[in-house]
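For reference, the structure is listed below as structure tokens.
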Amino acid sequence: MFQIESDGNAIRTYSRKDFYKICLTTGKSAIHYADRSFEQEGTVLFFGNPHIPYSWETISTSYVGYTILFSEDFLKQADRSESLQQSPLFKIGGTPVLKITEEQRLFLNSLFQRMIEEQRTEYAHKDDLIRNYIHLIIHEALKLQPSEDVDQPKNALSRLTSVFLELLERQFPIETADRPLQLKTAQDYATNLNVHANYLNRAVKEVTGKPTTAHIAERIISEAKALLQHTDWNIADIAYALGFEYPSYFNNYFKRMTGTNPKALRTQEV
């Protein structure tokens, strides 16, 4: 949790891929979220999902507010079963940007301030208290009406393709062998983007000239080569990290895509 100062630094970059984000900001900005854009002036409450590509343009010179970053695992310790990805605030097609009145801003400000203060304490149960504050913010947001300042993209297929390619790139690099690739197939990406797999494939193929599966395969092979060349992981670990159930499946896939096998490539590079 941190306070956004008046220098307009509303968005910070984090390497973690599992951080959800809630921002309470006052200023003028344009938020591009999946296949939609929101231009806002005044105070807004924003809900960012790490599985959905988004970008934030700060337009005004003065920009203030608060940001909290947390993982789903952190929030799930409160034993609530619904996935954040299914929440109307965080899911694609949902309502990630909410317009906030001055009265609501003052109340939400107090919650963020309390979380920041609590974060600094040595209280043994501060995480439980912070989780309660996050849930309170989420419930307050669920009672609000979504922002109406939404610009639908002029070229839906182009925007969807851009979202897919960015989401694909977000799955990499693979940083540890014990956190395997989550999105592996065209259907996985279509489900994550809340569109039919055939529609996603049509959009991607029309814009890029290649089907969805080709982009996924090329990126997996590119990552496999990088892991083989620049890590000391054994091939079984690389196979698992890339989402293959068995090393033999990975070996066959790699040979079909490259004409050689992983061991031969590694030996050749050495």
Side-chain angles (χ1 to χ4, degrees), residues 11-21 34 48-54 68-86 90-92 127 131 162-194 197 200 204 210-270:
I11 295 296
R12 299 182 182 182
T13 301
Y14 294 85
S15 61
R16 288 282 297 274
K17 299 175 183 177
D18 57 349
F19 275 150
Y20 285 80
K21 176 181 290 184
N49 181 337
H51 305 289
I52 299 175
Y54 62 86
I68 178 170
L69 299 141
F70 56 92
S71 68
E72 184 160 12
D73 288 342
F74 173 79
L75 211 59
K76 273 190 171 180
Q77 291 182 36
D79 200 29
R80 291 173 170 84
S81 58
E82 183 185 19
S83 169
L84 285 177
Q85 292 188 55
Q86 300 307 313
F90 289 103
K91 71 180 181 180
I92 194 166
D127 283 357
R131 273 190 284 269
S162 176
V163 170
F164 160 71
L165 293 173
E166 187 172 344
L167 182 57
L168 173 62
E169 194 58 36
R170 281 188 178 211
Q171 309 310 307
F172 304 94
I174 301 295
E175 297 168 339
T176 174
D178 60 2
R179 293 183 63 137
L181 188 66
Q182 295 299 303
L183 302 181
K184 296 168 284 190
T185 68
Q187 183 61 59
D188 290 340
Y189 283 90
T191 299
N192 199 273
L193 295 172
N194 199 32
L200 175 61
V204 172
K210 294 188 294 187
T212 313
T213 52
H215 287 281
I216 297 170
E218 287 173 5
R219 192 60 186 86
I220 288 175
I221 290 299
S222 174
E223 188 69 10
K225 289 179 178 178
L227 293 173
L228 288 166
Q229 294 168 9
H230 304 300
T231 74
D232 59 358
W233 299 2
N234 63 49
I235 291 175
D237 285 341
I238 292 175
Y240 178 73
L242 291 172
F244 292 88
E245 190 174 0
Y246 300 106
S248 59
Y249 291 176
F250 171 61
N251 286 334
N252 293 337
Y253 182 86
F254 191 90
K255 188 169 185 178
R256 185 171 72 251
M257 297 299 298
T258 67
T260 187
N261 60 57
K263 185 177 181 180
L265 178 77
R266 175 169 272 178
T267 302
Q268 175 185 336
E269 291 298 326
V270 172

Here the pair of heavy atoms bringing P173 nearest to E223 is CA-OE2, 3.4 Å
Considering only heavy atoms from C-beta outward, does the side chain of T258 approach that of K225 to under 4.5 Å? yes
Q.
Do D178 and T176 pair up side chain to side chain, a donor and an acceptor below 3.5 Å, judged on atom types alone?
A. yes
For A241 and A177, the nearest pair of non-hydrogen atoms, with its separation, is CB-CA, 4.1 Å
Hits for side-chain hydrogen bond (donor to acceptor under 3.5 Å, both in side chains) against N252, two or more places apart or cross-chain, chain-then-number order -> none
Worked check of side-chain contact (heavy atoms from CB on, under 4.5 Å) between T260 and K255: CA-CA 5 Å; T260 187; K255 188 169 185 178; 6.0 Å; no
Would you call L265 and Q229 a side-chain contact if the rule is heavy atoms closer than 4.5 Å? yes
Rounding to 0.5 Å, atoms CG (N251) and CZ (R256) come to a distance of 12.0 Å
Report task. Answer yes or no: does atom NZ of K210 have more than 12 heavy-atom neighbours from other residues, nucleotides or ligands under 6.0 Å? Result -> yes
P50 and R170 have their tightest heavy-atom pair at O-NH1, 3.1 Å
Indicate whether the side chain of S162 and that of E166 have a donor and an acceptor atom separated by less than 3.5 Å. no
Do L242 and P180 have side chains that approach each other closer than 4.5 Å (heavy atoms only, starting at C-beta)? no
OG1 (T231) and CD1 (I238) are apart, to the nearest 0.5 Å, by 4.5 Å
**Residue pair I216, T185: steps toward the side-chain contact (heavy atoms from CB on, under 4.5 Å) verdict** = CA-CA 7 Å; I216 297 170; T185 68; 5.7 Å; no
Rounding to 0.5 Å, atoms CG (L200) and OG1 (T191) come to a distance of 10.0 Å
In this structure, CZ of F19 is separated from OG of S71 (nearest 0.5 Å) by 7.0 Å
In short, side chain to side chain donor-acceptor pair (under 3.5 Å) pairs touching residues 237-247 with sequence neighbours left out are N234-D237
Go through it in stages, so that I can follow the logic: the residues are L228 and W233, the test is side-chain contact (heavy atoms from CB on, under 4.5 Å), and I'd like the CA-CA distance, side-chain angles, deciding distance and then a yes or no. CA-CA 8 Å; L228 288 166; W233 299 2; over 6 Å; no
- Query: Hey, is the main chain of K184 close enough, under 3.5 Å, to the side chain of D188 for a donor-acceptor pair?
  - Reply: yes
In short, A186 meets T213 closest at the heavy-atom pair CB-CG2, 4.2 Å
Closest non-hydrogen contact found for L168 with H215 is CD2-O, 3.7 Å
Check: Can you check whether L75's main-chain N or O pairs, donor with acceptor, with R131's side chain at less than 3.5 Å?
Finding: no
When rounded to the nearest 0.5 Å, the distance separating CD of E169 from CZ of R219 is 4.5 Å
Heavy-atom distance under 4.5 Å between the side chains of Y189 and L167, does that happen here? yes
ring-ring contact (aromatic ring centres under 6.0 Å, His included) filter on F250, not counting sequence neighbours, yields F244, F254
